[in-house]
Amino acid sequence: MIDIKKLRDNLEGIESSLSKRGYKIDKSSFKSLDKKRKELQIDVESLQAERKTLSSDFGKLKASGKDTSDLKSVIDKNNHDLETKDVELQNILDEVNSLMLDIPNVPDESVPEGKNEDDNVVIKKYGEIKSKNTLDHLEITTHIDTDLAAKLAGSRFAVLKGDIAKLQRALITFMLDEASNNGYQEFYLPYIVNKESLIGTGQLPKFEEDQFKVSDRLYLSPTAEVQLTNMFRDKILDDIELPIKVTAHTSCFRSEAGSYGKDTRGLIRQHQFEKIELVQITHPTNSMDCLNDLLKNACQILDKLELPYQVIELCTGDLGFSSAKTFDIEVWMPSQNKYREISSCSNFSDFQARRSNIKFKDKKGNTFAHTINGSGLAVGRTLIALLENRFNGNDEIDLPECLVSYFGSKKVKLK
RNA sequence: GGAGAGUUGGCUGAGUGGUCGAAAGCGCCUCCCUGCUAAGGAGGUAACUGGGCAACUGGUUCGAGGGUUCGAAUCCCUCACUCUCCGCCA
């Protein structure tokens, strides 16, 4: 949710910012709605003030045992007027609100302009592409079994066996340790979350069909961003606590309703996958520094894993709904001969904080915080990248140095 | 699954129809006092939001939503959540 005051004060400015990301705001309907809102609100509030004094007069009259019927008819009229005006006001407020909920976040000034993903900007490439391998991960190892998973659950699931299952476990521990070393407090979280939480981080109401619903009010969490951010929902933090850095490993669940036929093979796009998430709650003045910090934390993991990757900055046209600025980290996937997203690091400015009511307190008063998050990293995709980049035709691969102690051996058996 | 008790400000917790946005305590802020520290004293301290250049001045909010009433934190209904005991269980 963007700030309605900013919209009132600077409609043209917001309009041009939003047009850069391809969103056209309905200026004239906002203006006329807001004008009506103002008139009605003034009416309603003065009628409410009137009711207060009339009611207290009524009480006094009654207490002194005098006749109240004249006053009663005045009160009745006032209440009747109030009710009609109030209904009108509520209707207008509902309209304003749904208009506001539909408006995406305003891109940061620094975000490169562009229409779609073709206009994203490669910031830097890291590591050397050495692999000559063309086989994909399902061809490299027999220990990723999607048929078996289909028997148990359905498509877009996987069973990992033996060393591959163990390697996933090692990766999770490694990534969590990296996050802890970088100052993130580790959490273990519920995988099921309520509606309020999903609304807070922006998955609801707009993206309901992407979620797995387990009951009337409960959903499987699509990312630990939801839990880690909503821990601070409805809180007023102390400014000296900022930035707050938190992390967790969770299984993540996505229905992938909109991706029929996309990445149907293997581990790339699953209904259930493992992810380590990094979240920071920051002061508005240095949130961009915090984003760079978080990006560095995520990149560092790929550096240690010795995997080639690139960092791209999303252009205005490709930004997610809630994001003000996003860097994607893409790891080299030899079988596809291209880079694939393995982490998305975003500054949401006060967009999520406004929805989830996360504030901090300083001498000037209470202000919405900024929220930052990114994966550190997506575990399944990291696993694939390791297999594909390190495969050299044998029945086992060598692990990078950083994983050896976590895995307990230097070699991973593929068959 | 059965039975019961709750949900009030940053926290603890009083408040059963108007004088209640709300006692008291804790915490926090300002000041006073004391050579430092400890203790003590005075005052202040909820959030959200409208109008106004401003001084200022309205409104809303006591888990959520309805209802009764001239008037609801307080009475009634529905829902959500939390806790305790019993049962079951990793």
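First the proteins, then the strands, lettered A, B, ... as listed; each starts at 1.
Per the geometry, CD belonging to E241(A) stands 15 Å off P belonging to G10(B), to the nearest Å. The distance between atom CG of N97(A) and atom P of U49(B), rounded to the nearest whole Å, is 13 Å. Between the NZ atom of K85(A) and the P atom of U60(B) there is a distance of 18 Å, rounded to whole Å. In this structure, D216(A) places its CG atom 14 Å from C1' of U78(B), rounding to the nearest Å. Rounded to an integer number of Å, the gap from CG of D362(A) to C1' of C28(B) is 15 Å. Note: CG (L89(A)) to C1' (G50(B)) measures 11 Å, nearest angstrom. Rounded to a whole Å, the CZ atom of R233(A) is 18 Å from the C1' atom of G10(B).
Taking atom C1' in both G2(B) and C77(B), one finds a spacing of 24 Å when rounded to whole Å. Atom name C1', nucleotides A14(B) and G9(B): the rounded distance is 13 Å, in whole Å. G25(B) and A46(B) are spaced 16 Å apart, taking the P atom of each and rounding to whole Å. G21(B) and A72(B) have their C1' atoms separated by 14 Å, with the value rounded to a whole Å. For the P atoms, the distance linking A5(B) with C89(B) amounts to 28 Å, nearest Å. As rounded to the nearest Å, U84(B) and C32(B) have C1' atoms that lie 49 Å from one another. Taking the P atom of each, U82(B) and C88(B) are spaced 23 Å apart, rounded to whole Å. Look at the P atom in both G13(B) and U7(B): the space between them is 9 Å, to the nearest Å.
Look at K235(A) and you won't find any side-chain N or O under 4.0 angstrom from OP1 or OP2 of G10(B). In terms of phosphate contacts, R37(A) brings a side-chain nitrogen or oxygen within less than 4.0 Å of OP1 or OP2 of G51(B). Within the 4.0 Å cut-off from OP1 or OP2 of A72(B), not a single side-chain nitrogen or oxygen of K52(A) is found. OP1 or OP2 of G71(B) sits under 4.0 Å from a side-chain N or O of N79(A). The shortest distance between the side-chain N/O atoms of N78(A) and the OP1/OP2 oxygens of C70(B) is not below 4.0 Å.
Nucleotide C89(B) has no partner under the Watson-Crick or G-U criteria, as no pair reaches both atom distances under 3.5 Å. With a cut-off of 3.5 Å on both Watson-Crick or G-U wobble distances, the partner of U74(B) is given as none. With a cut-off of 3.5 Å on both pairing distances, the Watson-Crick or G-U wobble partner of U45(B) is G27(B). With a cut-off of 3.5 Å on both Watson-Crick or G-U wobble distances, the partner of U84(B) is given as A3(B). Pairing for G40(B) is with C32(B), a Watson-Crick or G-U wobble pair whose two hydrogen-bonding atom distances lie under 3.5 Å. Of the nucleotides present, none pairs with A22(B) by Watson-Crick or G-U wobble criteria with both distances under 3.5 Å. Summarising the base pairing, C62(B) is matched to no nucleotide, lacking a Watson-Crick or G-U wobble pair whose two defining distances lie under 3.5 Å. Pairing of A54(B), defined by two Watson-Crick or G-U wobble distances under 3.5 Å, is not identified with any nucleotide.
Across all strands shown, K60(A) has no heavy atoms under 4.0 Å from either base or sugar-phosphate atoms. Nucleic acid contact class of L54(A) (heavy atoms, under 4.0 Å, all strands): none.
Using cut-offs of 30° and 60° on the angle between ring planes, the pair F207(A) and F321(A) is perpendicular. Classification of the W332(A)-Y339(A) ring pair by plane angle, with boundaries at 30° and 60°, yields perpendicular. Taking the six-membered ring where tryptophan is involved, the planes of F212(A) and H271(A) are perpendicular, since the angle between them exceeds 60° and thus also 30°.
For the residue pair T141(A) / H143(A), no side-chain donor-acceptor distance below 3.5 Å is found, with atom types taken as modelled. Judged purely by distance below 3.5 Å, without hydrogens or angles, the side chains of E178(A) and Y184(A) never pair a donor atom with an acceptor atom.
Distances were taken from every side-chain heavy atom of N366(A) (C-beta onward) to each of G52(B), U49(B), C48(B); the shortest belongs to C48(B). Side chain of R217(A), nearest nucleotide from A80(B), G18(B), G50(B): A80(B). Considering only the side chain of I42(A), G51(B) comes nearest among G18(B), U49(B), G51(B). The listed nucleotides are G58(B), C48(B), G71(B); the one nearest the side chain of K359(A) is C48(B).
K325(A) and E313(A) are joined by a salt bridge, as a carboxylate oxygen and a charged side-chain nitrogen come within less than 4.0 angstrom of each other. The pair K72(A)-D76(A) meets the salt-bridge criterion, with a side-chain N (NZ, NE, NH1 or NH2) lying under 4.0 Å from an Asp/Glu carboxylate O. Remark: K115(A) does not engage D119(A) in a salt bridge, criterion side-chain N to carboxylate O under 4.0 Å.
Of the two residues near RNA chain B, F368(A) and E45(A), the one whose nearest nucleotide lies more 5' is F368(A). If you find the closest nucleotide of RNA chain B to K361(A) and to K72(A), the one lying nearer the 5' end belongs to K361(A).
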